[in-house]
Amino acid sequence: MSNYECKYPHLFSPIILGHTAFRNRIFASPTGYANNNGDGYLNEGAVAYYERKAKGGAASVATLETIVDGEFGKGGPKHICLDTPNVNTSLARVANSIRFYGAVPSLELTHAGMYGNRNLPMFSIGDVINKPSYGPVDCEVSGKAIFAMTEEIIERTIRKFAAGAALGKRCGYGMVTLHAGHGWLLHQFLSPKINTRTDRWGGAAVENRARLVVEICDAIKREVGAGFPIEIRISGSDCYEGGYGIDEGIAIAKQLDGHVDLIHVSAGNHEVPEAFPITHPSMFLEEGVLVEFAAAIKKEVKTPVAAIGGLSDPAMMEEIIASGKADVVEAARELIADPDFPLKVRTGNERNARKCIRCFSCFSNGFLTGEHYCSINPESGHEWELRNDFPISVKKKVLVIGGGPGGMQAALTCAQRGHDVILCEQSDRLGGVLRCEEEVYFKKNLDYYLNQQADTINRAGIDVRLNTKVTPEYAADQQADVIIAALGAEALKPKIAGIDGKQVLSAQQAYTSVDRLGDAVVILGGGLVGVELGLHLIHEGKQVNIVEMTDHINDGGNFIHMMGLKVEMKKRGLDVMFRTKAIEINADGVVCEGVDGAVTLPADSVVYAVGQVPLQKEALAYHACAPEFYLIGDCVAPRNITSATGEAFMTARNIGRCL
């Protein structure tokens, strides 16, 4: 008899929806895959991306939002439309890759409604593809006229959803997920703010506003059979002023009760900036911030309910299921940060499960590059190329210089691939410059990650040498086959009169010396570092002004994170003085030159956060100390944690590949 005892028995208990069995209660919620060819079909990268989540143990893997009506419902040029000729082959390839690893593939069905065709090009090879946009009512979006859906268009839309579900079933999907939240067409009909129709499809009565969604669900059931499960994602609350609250969310859910097999309760509207970082909880929000909406709806319906909202703690997930707040927990970014999260937790390896730090690197990169490059999972975005590993040909001795995120990842990957590794760090702990943020309230998951990496290194048989400053002579004496330099960068000190005053600190020093700062603080530099520090100092009771020379906040490419920052800045009253240059720091404060002339900002303390200087000279000094030499991370050029871990992983993986 097995002595196995699951630590989280409710979380890993199976559930049956419709006639389909799901192996546990952790579902991978829909996340897009934008690195397709723009030809209307999914590629092998998409296959590997969704397959990887199935390999990791999720019970269900939902794919990207597919458009049921390519003529009227397409929201962007790379949306996959289900009425595209021969689209079934690529859809089936994705479904099979998920199903073969024991998970139930789910096809998300949606329609952009009033946001359809808004960003599409007017012409394509001489053929006009710009189509009208339809929504619940006549309106205007971004200067474009939107037409109210007629009875004919509504009936067409119902047929399109049913046909999309039928196609999904034929392609091997075991469930469909209707997207009726976040601002798309079905949410537009459900919304009392947007849907002001006076016919049977809208108005004050929730029965009318929900009629389209209910009829779509019923049409799908008729098309695919009663046993084929339907999940529907709704916004339990709009979470913005003027939108609907949880009472309306409950009323909507009651209308759907019995017409679907799972009510997935999310929140917000992606078209409302202040709601976006709630729909996708930013690092400033507590874990499980949206669960209350699912719990409220769960009390009022018989249909199983799924909760979502920045979940990464298995104990919290277990409590959600055990207490009856929800029947299923869904995760999006967590399963990008660690697709093996379900498998690790179930098998008792919870300490090795990464927790999403909610930095939005994945989302921002998804929009910019098509791939969800993750700050703490270097495999993310490379699923296809890493699908089949290759063994090392030659075991080597590797010296890694620098114990920040890049250096730690390089050392771990080398050790995991069988190399002998020495990791040297000049300070007394691993983690690098990011350790300065360990007391920051919104960076607790980053601190967890750094501690986790350090713990894993200590268990990996790596020769860790702390308090060790590596000179070229020291490096040469190690007789390593490979040197990886991950020295990082140091703060750029601006050339301003008074910059060497006792009241002036770098951002790194300020994070670790809040008690040294006076009540009034001026921060020089309005990039991510300066803004995040400003929010932290306000939280610590300081009065903060930020001075920025340009006319905008430099988001460093992470524009989705910036959306969350701006919401938090407004909430905490953090302002940035743009187009303002610091001229001098003196006993009274900071003398600045702005658009309205000279001004002195009172300051007890001044902090500079104007950029980083790569330690290139120091790193290049090791180039002749071993047969192989690599530079990674900030010592090449100012980078972010996503680049550092990715470069470290790929560089280390390549070592020993050939003689």
Side-chain angles (χ1 to χ4, degrees), residues 26-67 76-82 87-110 168 171-177 179 280 308 330-344 353-354 356 359-389 560 642 645-646 649-650 653:
I26 303 174
F27 286 18
S29 68
T31 54
Y33 183 81
N35 197 12
N36 56 57
N37 304 325
D39 57 3
Y41 305 95
L42 293 170
N43 55 30
E44 294 300 322
V47 172
Y49 172 69
Y50 294 111
E51 173 188 82
R52 185 65 185 84
K53 298 180 184 183
K55 286 181 179 179
S60 174
V61 177
T63 57
L64 73 174
E65 51 191 15
T66 56
I67 303 298
K78 287 196 172 184
H79 262 147
I80 302 297
C81 301
L82 298 180
V87 73
N88 59 298
T89 54
S90 63
L91 290 174
R93 184 80 174 86
V94 172
N96 288 340
S97 69
I98 295 169
R99 193 174 67 252
F100 289 168
Y101 286 95
V104 176
S106 183
L107 184 67
E108 186 182 30
L109 311 177
T110 194
C171 290
Y173 290 86
M175 182 166 69
V176 291
T177 300
H179 198 344
H280 316 282
I308 195 169
E330 306 234 5
R333 285 173 290 168
E334 174 57 31
L335 296 181
I336 294 175
D338 194 344
D340 289 325
F341 174 86
L343 184 60
K344 289 176 179 176
R354 290 183 292 268
C356 171
C359 67
F360 285 120
S361 174
C362 56
F363 272 28
S364 290
N365 279 298
F367 281 110
L368 293 172
T369 70
E371 295 286 1
H372 293 101
Y373 296 125
C374 174
S375 290
I376 64 174
N377 176 17
E379 296 183 49
S380 181
H382 301 283
E383 292 84 3
W384 178 246
E385 59 209 89
L386 298 176
R387 205 162 179 250
N388 298 305
D389 203 357
I560 301 296
T642 308
T645 55
F649 176 79
M650 287 300 185
R653 186 173 180 266

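Only heavy atoms go into these numbers, but all of them, side chains included; no hydrogens, no water, no symmetry mates.
- In terms of heavy atoms, G45 sits closest to W384 at CA-CB, 4.2 Å.
- Residue F360 holds its CZ atom at 7.0 Å from NE2 of H280, rounded to the nearest 0.5 Å.
- Atom-to-atom distance recorded for S361:OG and I560:CD1 is 11.0 Å, nearest 0.5 angstrom.
- In this structure, the side chain of K78 engages the main chain of N36 through a donor-acceptor pair within 3.5 Å.
- For E108 (side chain) and E65 (main-chain N/O), a donor-acceptor pair under 3.5 Å exists by modelled atom type.
- Listed by chain and number, the residues in a side chain to side chain contact (heavy atoms under 4.5 Å, CB included) with D389 are R417, R653 (sequence neighbours excluded).
- Remark: the backbone N or O of C374 is not paired with any side-chain donor or acceptor of N365 at under 3.5 angstrom.
- Distance check: H382 NE2 to N377 CG gives 9.5 Å after rounding to the nearest 0.5 Å.
- You'll find the side chain of Y33 stays beyond 4.5 Å of the side chain of I80, heavy atoms only.
- Counting heavy atoms from C-beta on, the side chains of L82 and L107 come closer than 4.5 Å.
- The side-chain heavy atoms of L42 and L64, taken from C-beta on, include a pair separated by under 4.5 Å.
- Of the possible polar contacts, none joining the S60 side chain to the P105 backbone as a donor-acceptor pair under 3.5 Å is found.
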Step by step, would you call T63 with K53 a side-chain contact (heavy atoms from CB on, under 4.5 Å)?
-> CA-CA 11 Å; T63 57; K53 298 180 184 183; over 6 Å; no
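- With sequence neighbours excluded, the residues forming a side chain to side chain contact (heavy atoms under 4.5 Å, CB included) with A92 are C171, listed by chain and number.
- Contact check for T110 versus T66: no side-chain heavy atoms found under the 4.5 Å cut-off.
- Two residues are said to be in side-chain contact when any heavy atoms from C-beta on lie closer than 4.5 Å; P342 and L335 meet this criterion.
- Between S29 and T177, every side-chain heavy-atom pair lies at or beyond the 4.5 Å cut-off.
- For Y101, there are no ring-ring contact (aromatic ring centres under 6.0 Å, His included) partners two or more places apart in sequence or in a different chain.
- Taking 4.5 Å as the limit, some side-chain heavy atom of L91 sits within range of a side-chain heavy atom of Y173.
- Here the closest non-hydrogen pair linking A59 and F27 is CB-CE1, 3.7 Å.
- Under the salt bridge (Lys or Arg N to Asp or Glu O under 4.0 Å) rule, D338 has a single partner from R52, R333, K344, K55, which is K344.
- No donor-acceptor pair closer than 3.5 Å links the side chain of T645 to the backbone N or O of P378.
- For the pair R387 and E44, the salt-bridge criterion is not met [side-chain N within less than 4.0 Å of a carboxylate O].
- Between Y41 and T89, the side chains place no donor N or O within less than 3.5 Å of an acceptor N or O (distance only, hydrogens not considered).
- Put simply, the side chain of I336 reaches to within 4.5 Å of the side chain of Y49, judged on heavy atoms.
- Summarising the geometry, atom NE2 belonging to H372 is positioned 6.0 Å from atom SG belonging to C362; distances are rounded to the nearest 0.5 Å.
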